[in-house]
Amino acid sequence: MEYNHKEIESRVAQYWKDRNIYHVEIDRSKPKYYVLDMFPYPSGAGLHVGHPLGYIASDIVARHKRLQGFNVLHPMGYDAYGLPAEQYAIQTGQHPEVTTRINTARYRSQLDKIGFSFDWDREIRTCDPEFYRWTQWAFLKMFASYYDKTADRAMPIEKLIEKFESEGAEGVNAACNKELHFTADEWKAMSDKEKSDTLMNYRLAYQANTMVNWCPKLGTVLANDEVSEGVSVRGGYPVEQKEMWQWCLRVSAYAERLLQGLDRIDWSESIKETQRNWIGRSEGAEMHFRIDGRDDIDLEIFTTRADTVFGVTFMVLAPESKYVKELTTPEQKEAVDAYLETIKHRTERERMIDKKVTGVFSGSYAVNPLSGKKIPVYISDYVLAGYGTGAIMAVPAHDSRDYAFARHFELPIIPLIEGADVSEESFDAKEGTMINSDGPELKLNGLSVKEAIAATKRFIEEKGIGRVKTNYRLRDAIFSRQRYWGEPIPICYVDGIPTAFDQLPLELPEVDKYLPTETGEPPLGRAKNWNTPEGYPLELNTMPGFAGSSAYYLRYMDPHNDKALVSREADEYWRSVDLYIGGSEHATGHLIYSRFWNKFLYDYGEVVDDEPFHKLINQGMIQGRTSFVYRIKDTNTFVSAGLKDQYDTTPIRVDINMVSNDVLDMDAFRAWRPEFADAEFVLEDGRYVCGHAVEKMSKSMHNVVNPDDMVERYGADTLRLYEMFLGPLEASKPWDTNGIDGVFRFIKKFWGLYWKGDDCLVDSSAPSRENLKSLHKLIKKVSADIEAFSFNTSVAAFMICINELAQQKCRSREILEPLAVVLAPFAPFAAEALWQGALGHDSSICDASWPAYEEAHLKEDSVTMAVSFNGKARFNITVPVDMAREDVEKTALEAEGAAKWLDGKTVRKIIVVPGKIVNIVVS
RNA sequence: GCCCGAAUGGUGGAAUGGUAGACACGAGGGACUUAAAAUCCCUUGGCCAUUAGGCUGUGUGGGUUCGAGUCCCACUUCGGGUACCA
């Protein structure tokens, strides 16, 4: 049989399907292995050739582990809720569920062609009520929880209520928005509404009035990780800061555990570092500044540079700070109001682009607690309301932002570190010896910065001026979206009090339009009878995109369970994901939320593993390779790339499918668009050569390569091998279809070892020494490569091995059978077809065993070694592999030319590294 | 600004501190063929040389080492992340 990928792949796919070969169940007789891909959002554009890269890698690992005898869980599903489907629905009136169904079907057919070993019986879709009831369930559990900082875990809110009833708020050590103080009697005297409001301050899923990223164009709020450089990640629309009443998740309560957990997981250092930065732990101190002439108020600030207190020459409040109202004096009111008004109209983006110094004096003065000096309090938007206390002490000599502000408002700048020149810029480094820092009680002069920080912290704690405090940059996640296409939040309002609605799933209702209502309510405001059976109104906001992806990996373990997210039995067997493959763009979103969600469930014993993903690999992006033609200005003549510099030209992107090896198919180009129908060409060597550039793969660049086309022309096995062959999995690299022929040739050669026309070449002859060596070299290399995720070098090893075996005219079943098994993870269709055809098995190759390599077959008769003499001379000698060290020395000295280089010196030391080198030290 | 990562032929990329450029594409030459496709063989970092062979070579400049693409220091360029986080 000739290699015919279409016939082979359709036949083998049917075989797998008929036997449901990838179905997996708990099997305690085998060790488990859980390989997971980040599930895709099924977009309307379908998959391009870059998307399956990670899936192919994980599939190779999954198949390899299975061949090694592991019980492998390798599921797939769809992250089906999302903005594009909803935007499309708003434009066309098409229900997002319909587009989502169409898109998932398309994805499925594309994925099926590539031969993945997914257990589709475990497929999940985040928009399926049977799935999202568990997203809602987890949300309600968070709603009914608070974070006990003493126990360092989430606890049922009832425990907190018990404490309030017996002791009030005193002694409660819980994560909260704001420290509250009340007695047990005061608690008991509260109305239901007041109690509810109080508990909101502690719940892990809570409602609060917070500054949010509001995107007017999308009509919804966005989480911090959904905003980049002042615009929405989806769509790129401007985002502004706005105070709104929102649902939030108290992710910040888990900041320290999320940070500590990173040390126990096998992720790339760069992504761990990104998470560390995002969590942003900073150790400092909270300090109180008295306000001159006011006994009713203290100004609380956070600083990491307690040592610089003597250099504080002014204070700054964030414009949104609660202190602004209290500290603005009547004389300054007008100026402050005017300033606040201008700030309001500056969007986040404008503030970023235009960093000019702005601010206004509040009229009040604070008193430096250490020096007793009076210092003015300013208001400026360079201080953020959401971090620390929203107020800072400004030390212009040692902070560049304070420095710029001081220069602008002509405020004094006092250097505090010896030798620091602050005439041109601030000295921000945390090093040096303190000067100008002796107060009436605390004297820091002569201390190092480190010592001074410690001394100041000690002092302020003793004097009750402040306390040591650790701050985190990580914010609570805003959890409501004013959108339709998401999970409904299972909350109803009983007499205005938010109450859990626990008849799950709370299904997403039908609406007539997907836009906000005329009164500005979210789209769910259009739903008919959106009430509880008792008539209480239900929450109109829906959950954000990250909700559904936060615990999906648990659901795969037990996808049809209607009693629990995952049964104890399934969770204890599968535990957590051994290998997770996906893009690094989720570092500060999904990969934080999932870890948070998992830790929350862990606190309640719902899952047995504290970290969800043990090893994480971030596959690189596959970029497009865009081709250009060059039109001579104001003509319809196109000049070949090598000659374009002789003319004044405009580059035009052309469809990559009309270009082969950078040579343009001119007829196809003329037919592409009417305006090019009578195009003329200036050629070089009779061809039109295109220019090229590496860009994002997208429709608008005309550089999209569809995996379906590749499968059609070369087959899935070739596509899989070629994607791996392109380069290291984690690197970004451009797709270039040109090289695929080499891999295609390889797979045909591989096939040719087993078949010549209709003649099966496999026989029972004994393998030669060379055959065994070629095979075992391959097994060793590929086994090591898969462990190291170095798939590109594996493909190279295959090519070498197949060439050697072809040259040796190897026909031995003893060689060809294990060879097919080793290739099976990479090229499963061909391997399966050969396994059943040429090798005559009546079972699937998926149930074969991974061959072990034998060192004995790798042994060489002799090795060539480089011998070097003091670096001055070097030559190669060939010696028997087991030759003793003394004999190697002797042989080296006898070797041709050695005497000349040695020049009468004696050999002092000789180092032999088997197979590699002999290092001879002479004197 | 800060934090990562990278830099090797015409191209994608190989090289536990030990013969740099595996493997593949492309290119050039050849075989087969009426021809083309397909297939196979040879050459292919640069320079010099008829050959033998020699010199040179992994972004730049130093250093460690018998020996550096690999380790250390400084720099340049590119890519990614992040940012008034006090």
Side-chain angles (χ1 to χ4, degrees), chain A residues 225 228-229 268-278 280-282 284-285 301-306 308 316 318 348 351-352 355 357 380-395 398-402 404-405 428 471-475 584-585 587-588 618 620-621 623 625 661-663 692 694 721-722 725-728 730-746 748-749 752 784 790 792-801 803 806 864-876 909 911 913 915-922:
Chain A
D225 67 281
S228 179
E229 297 184 359
S268 74
E269 211 34 58
S270 78
I271 205 151
K272 283 194 197 178
E273 201 55 31
T274 305
Q275 290 212 342
R276 286 193 193 105
N277 291 340
W278 191 257
R281 179 190 159 108
S282 77
I301 58 97
F302 175 77
T303 181
T304 54
R305 294 295 302 272
T308 59
V316 189
E348 184 92 334
R351 269 171 61 170
M352 269 183 213
K355 286 191 180 171
V357 177
S380 173
D381 67 351
Y382 84 87
V383 175
L384 303 178
Y387 185 75
T389 62
I392 62 155
M393 62 178 211
V395 186
H398 302 291
D399 182 287
S400 54
R401 296 153 302 178
D402 297 345
F405 193 85
D428 291 15
N471 252 331
Y472 297 89
R473 202 183 79 105
L474 183 70
R475 306 295 168 73
S584 57
E585 68 272 18
T588 55
N618 300 115
M621 259 230 293
Q623 294 135 320
R625 195 171 186 277
N661 284 335
D662 286 341
V663 176
H692 63 89
V694 173
L721 282 161
Y722 186 56
F725 186 63
L726 269 182
E730 303 195 61
S732 282
K733 57 242 163 195
W735 178 267
D736 187 351
T737 303
N738 291 338
I740 202 169
D741 283 323
V743 175
F744 193 40
R745 266 173 221 142
F746 155 75
K748 282 188 281 195
K749 249 187 226 174
S790 174
N792 54 331
T793 50
S794 284
V795 181
F798 284 132
M799 291 176 175
I800 295 168
C801 179
N803 275 335
T864 300
M865 299 185 183
V867 184
S868 86
F869 293 96
N870 252 357
K872 291 202 182 80
R874 190 177 62 205
F875 59 96
N876 296 327
K909 199 166 87 179
I911 301 161
V913 181
K916 277 294 176 192
I917 203 81
V918 182
N919 184 358
I920 299 177
V921 180
V922 296

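Letters A, B, ... mirror the listed sequences (proteins, then strands); counts begin at 1. Because the structure is predicted, anything quoted here is derived from the model rather than measured.
Using a 4.0 Å heavy-atom criterion, one finds that R625(A) contacts no nucleic acid atom at all. Nucleic acid contact class of P734(A) (heavy atoms, under 4.0 Å, all strands): none. Backbone-only engagement by N792(A) is indicated by non-hydrogen atom pairs under 4.0 Å involving sugar-phosphate atoms exclusively. Residue contacts for K749(A): at a heavy-atom cut-off of 4.0 Å it reaches the sugar-phosphate backbone alone, with no base atom in range. Among the heavy atoms of the strands, none lies under 4.0 Å from D736(A). Residue N803(A) is in sugar-phosphate contact alone, with no base atom involved, counting any heavy-atom pair closer than 4.0 Å across all strands shown.
Pair assignment for G26(B) gives U44(B), based on Watson-Crick or G-U wobble hydrogen-bonding distances that are each under 3.5 Å. The base-pairing partner of G18(B), taking Watson-Crick or G-U wobble contacts with both distances under 3.5 Å, is C66(B). G59(B): Watson-Crick or G-U partner is C75(B), with both key distances under 3.5 Å. Of the nucleotides present, U82(B) is the one that pairs with G1(B) by Watson-Crick or G-U wobble criteria, both distances under 3.5 Å.
In terms of phosphate contacts, R276(A) brings no side-chain nitrogen or oxygen within less than 4.0 Å of OP1 or OP2 of C4(B). Within the structure, a side-chain polar atom (N or O) of Y387(A) is placed less than 4.0 Å from OP1 or OP2 of A86(B). Taking 4.0 angstrom as the limit, S282(A) places a side-chain polar atom (N or O) nearer than this to OP1 or OP2 of A86(B).
Rounded to whole angstrom, the span from the CG atom of D428(A) across to the C1' atom of A86(B) amounts to 10 Å. As a whole-Å value, the separation of I392(A) CD1 from C84(B) P is 14 Å. Rounding to whole angstrom units, CZ of residue F725(A) and P of C25(B) are separated by 8 Å. Atom pair D399(A):CG and C84(B):C1' shows a separation of 9 Å (rounding to whole Å applied). If you take CD of E730(A) and P of G80(B), they are 17 Å apart, rounded to a whole angstrom. Atom P of nucleotide A24(B) and atom NZ of K748(A) are separated by 15 Å, given to the nearest angstrom. Residue K733(A) contributes atom NZ, which lies 13 Å from atom P of G12(B) at whole-angstrom precision. Nucleotide G80(B) holds its C1' atom 19 Å from the NZ atom of K272(A), rounded to whole Å.
A distance of about 10 Å separates the C1' atoms of U77(B) and U60(B), rounded to the whole Å. Rounded to whole Å, the P atom of G45(B) lies 13 Å from the corresponding atom of U11(B). When the P atom is compared between U43(B) and C25(B), the two are found 15 Å apart, to the nearest whole Å. Atom P of G13(B) sits at a distance of 27 Å from the matching atom of C3(B), rounded to the whole Å. Comparing the same atom, P, in U70(B) and in G9(B) gives a spacing of 15 Å after rounding to whole Å. Across U82(B) and A27(B), the matching C1' atoms stand 44 Å from one another, rounded to whole Å. Distance noted for atom P between G12(B) and G67(B): 33 Å (whole Å). For the C1' atoms, the distance from U65(B) to C73(B) is 16 Å, rounded to whole Å.
Under the 4.5 Å side-chain criterion, counting only non-hydrogen atoms from C-beta, T737(A) is not in contact with Y722(A). Counting heavy atoms from C-beta outward, R281(A) and L474(A) have side chains that stay 4.5 Å or more apart.
Pairing each heavy atom of Y472(A) with each of Y387(A), the nearest pair is O-CE1, 3.9 Å.
Two residues, G739(A) and W278(A), neighbour RNA chain B, and the one matched to the more 5' nucleotide by heavy-atom proximity is G739(A). Nearest-nucleotide mapping onto RNA chain B: of G390(A) and N738(A), the residue sitting toward the 5' end is N738(A).
Minimum atom distance to the side chain of P728(A) is reached by A14(B), of the listed C84(B), A14(B), C25(B). Nearest to the side chain of T793(A), among C3(B), A14(B), G26(B), sits A14(B). Nearest to the side-chain atoms of I800(A) among the listed nucleotides C84(B), G81(B), C23(B) stands C23(B). Considering only the side chain of L726(A), G12(B) comes nearest among G12(B), C23(B), A86(B). Proximity note for N277(A) (side chain, C-beta onward) versus G26(B), A86(B), C3(B): the nearest is C3(B). Comparing A14(B), A22(B), C84(B) against the side chain of D381(A) picks out C84(B) as the nearest.
The CD1 atom of I740(A) sits 11.5 Å away from atom CZ of R745(A), with the distance rounded to the nearest 0.5 Å. Annotation: the span from K272(A) atom NZ to N277(A) atom CG amounts to 14.0 Å, rounded to 0.5 Å. Between atom CD of residue E730(A) and atom OG of residue S732(A) there is a gap of 10.5 Å, rounded to the nearest 0.5 Å. Residue M393(A) holds its CE atom at 10.5 Å from CZ of F302(A), rounded to the nearest 0.5 Å.
Within the cation-pi definition used here (under 6.0 Å to the ring centroid, within 45° of the axis), R473(A) qualifies as a partner of W278(A).
Taking syn as a glycosidic angle within 90° of 0, G21(B) does not qualify and is anti.
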